[in-house]
S.K.: 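Dropping the structure in here first, questions after.
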Amino acid sequence: MATIHKIGRRKTAVARVYLSEGTGKITVNKKEFATYFPTATLQYKVMQPLAMTQNAENFDVKVNVYGGGTNGQAEAVRMAIARAMCEVEAENRLILKPEGLLTRDPRMVERKKFGQKKARKRFQFSKR
């Protein structure tokens, strides 16, 4: 099996995943997966597509991720791994699709408008 390359996005985070056959080692930005994502919830999010398809020990995953915060990066990695799992075996799509792991979350930060304090908050009006 050749290396599978997939991209996942969430907010402003972009994750490039390279999936190859191996022993289950995950490397994120040339660091070990557990040191890059220190909390259990972030580690769970990254491992979710591999665990659901029972492939946690079958593939080595190399990830390059940039932009956004840690939660957005973890969800971008999750999406990229889920897309790669679908390419490995077509039946994985039936497992991952109902959980929403293949859906791109479109929510982004709304831009600040001129003449306003933030995106929707306005400057305070005072009658003097």
S.K.: Can you spot which of Asn55, Leu101, Ile4 makes a side chain to side chain contact (heavy atoms under 4.5 Å, CB included) with Met85?
M.R.: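 When Asn55, Leu101, Ile4 are each tested with Met85, the side chain to side chain contact (heavy atoms under 4.5 Å, CB included) holds only for Asn55.
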S.K.: Write down the atom of Leu42, the atom of Ala74, and the distance for their closest heavy-atom approach.
M.R.: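 The answer is CD2-CB, 3.8 Å.
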S.K.: Check whether any side-chain heavy atom of Ile7 sits under 4.5 Å from a side-chain heavy atom of Arg16, and report yes or no.
M.R.: yes
S.K.: Which heavy atom of Ala15 sits nearest to which heavy atom of Ala80, and what is that distance?
M.R.: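 Looking at all heavy atoms of both residues, the closest pair is O-CB, 4.0 Å.
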S.K.: To the nearest 0.5 angstrom, please state how far the CZ atom of Arg93 sits from the CZ atom of Arg83.
M.R.: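 Reported to 0.5 Å precision, the distance equals 9.5 Å.
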S.K.: Give a yes or no on whether Arg122 atom CZ has more than 12 heavy-atom contacts from other residues, nucleotides or ligands under 6.0 Å away.
M.R.: no
S.K.: Looking at Tyr18, is Lys62 sitting on its ring face, NZ or CZ under 6.0 Å from the six-membered ring centre and within 45 degrees of the normal?
M.R.: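 Yes, a cation-pi geometry holds between Lys62 and Tyr18.
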S.K.: With the threshold set at 4.0 Å, does a side-chain nitrogen-carboxylate oxygen contact exist between Arg10 and Asp105?
M.R.: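 Asp105 and Arg10: salt-bridged.
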S.K.: Drop me the distance from Thr70's OG1 to Gln73's CD, to the nearest 0.5 angstrom.
M.R.: 7.0 Å
S.K.: Pick from Arg107, Lys113, Lys112: which one makes a side-chain hydrogen bond (donor to acceptor under 3.5 Å, both in side chains) with Glu110?
M.R.: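 That would be Lys113; it is the only one of Arg107, Lys113, Lys112 passing the side-chain hydrogen bond (donor to acceptor under 3.5 Å, both in side chains) with Glu110.
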S.K.: Just do the side chain to side chain contact (heavy atoms under 4.5 Å, CB included) check on Phe33 and Val61 with the steps written out, would you?
M.R.: CA-CA 10 Å; Phe33 147 76; Val61 182; over 6 Å; no
S.K.: Please report the interatomic distance CZ(Arg78) to CD(Gln48), rounded to the nearest 0.5 Å.
M.R.: 5.0 Å
S.K.: Taking all heavy atoms of Leu102 and all of Cys86, pick out the closest pair and write down the distance.
M.R.: CD1-SG, 3.6 Å
S.K.: How about Asn64 and Asn29: do any of their side-chain heavy atoms sit closer than 4.5 Å?
M.R.: yes
S.K.: Quick one: pull up CD1 in Ile81 and CE in Met52 and give me the separation to the nearest 0.5 Å.
M.R.: 13.5 Å
S.K.: Are Met79 and Leu19 connected into the same hydrophobic cluster when the rule is that any two of I, L, V, M, F, W, Y join if their side-chain heavy atoms are below 4.5 Å apart?
M.R.: no
S.K.: Rounded to the nearest 0.5 Å, what separation is found between the CZ atom of Phe59 and the OG1 atom of Thr53?
M.R.: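 It is 8.0 Å, given to the nearest 0.5 Å.
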S.K.: Might you point out which heavy atoms bring Gly67 and Ala13 nearest each other, and give the distance in Å?
M.R.: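 Reported closest heavy-atom pair: O-CB, 3.4 Å.
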S.K.: Consider only side-chain N and O atoms of Asn71 and Lys11, and report whether a donor and an acceptor are under 3.5 Å apart.
M.R.: no
S.K.: Any non-hydrogen side-chain atom of Thr103 less than 4.5 Å from a side-chain atom of Lys97?
M.R.: yes
S.K.: Give a yes or no on this: more than 12 heavy atoms of other residues, nucleotides or ligands lie within 6.0 Å of atom NZ of Lys25.
M.R.: no
S.K.: Could you walk me through whether Val65 and Val14 pass the side chain to side chain contact (heavy atoms under 4.5 Å, CB included) check?
M.R.: CA-CA 6 Å; Val65 65; Val14 180; over 6 Å; no
S.K.: Applying side chain to side chain contact (heavy atoms under 4.5 Å, CB included) to Ile26 and Leu50, what does each step give before you reach the verdict?
M.R.: CA-CA 11 Å; Ile26 300 176; Leu50 292 169; 4.0 Å; yes
S.K.: Considering all heavy atoms of both residues, which atom of Met47 and which atom of Ala56 are nearest to each other, and what is their separation?
M.R.: CE-CB, 4.0 Å
